[in-house]
Amino acid sequence: MEINSLMSSQLMELQQTVQSSVMQSALNLNTSAAIELLQDIPQQQVPTHPYKGSIIDVSI
């Protein structure tokens, strides 16, 4: 009877370890997918002013 309870507790520990491992793998996969999505987002271009910095007013 004692062997059954020992094996049962070891099986529960193994199940928890496997679940944790699977969850960690899924989390890593989701994180890398999110990073790829963020990297694929095009960077916003700052619109340039139509004449600022290119025309100099030298009139007096």
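Throughout, numbering of the chain's residues begins at 1 and tracks the sequence.
One finds the OG atom of S8 at 13.0 Å from the CD1 atom of I3 (value rounded to the nearest 0.5 Å).
Hydrophobic cluster membership of L38, counting Ile, Leu, Val, Met, Phe, Trp and Tyr whose side-chain heavy atoms lie under 4.5 Å apart directly or via other members: I41.
Pairs engaging residues 23-33 under the side chain to side chain donor-acceptor pair (under 3.5 Å) rule: Q24-N28 [sequence neighbours left out].
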Please tabulate, for side-chain N and O atoms in residues 13-22, each donor-acceptor pair with protein atoms closer than 3.5 Å (sequence neighbours left out).
unit_1 : atom_1 : unit_2 : atom_2 : d
T17    : OG1    : E13    : O      : 2.9
S20    : OG     : Q16    : O      : 3.0

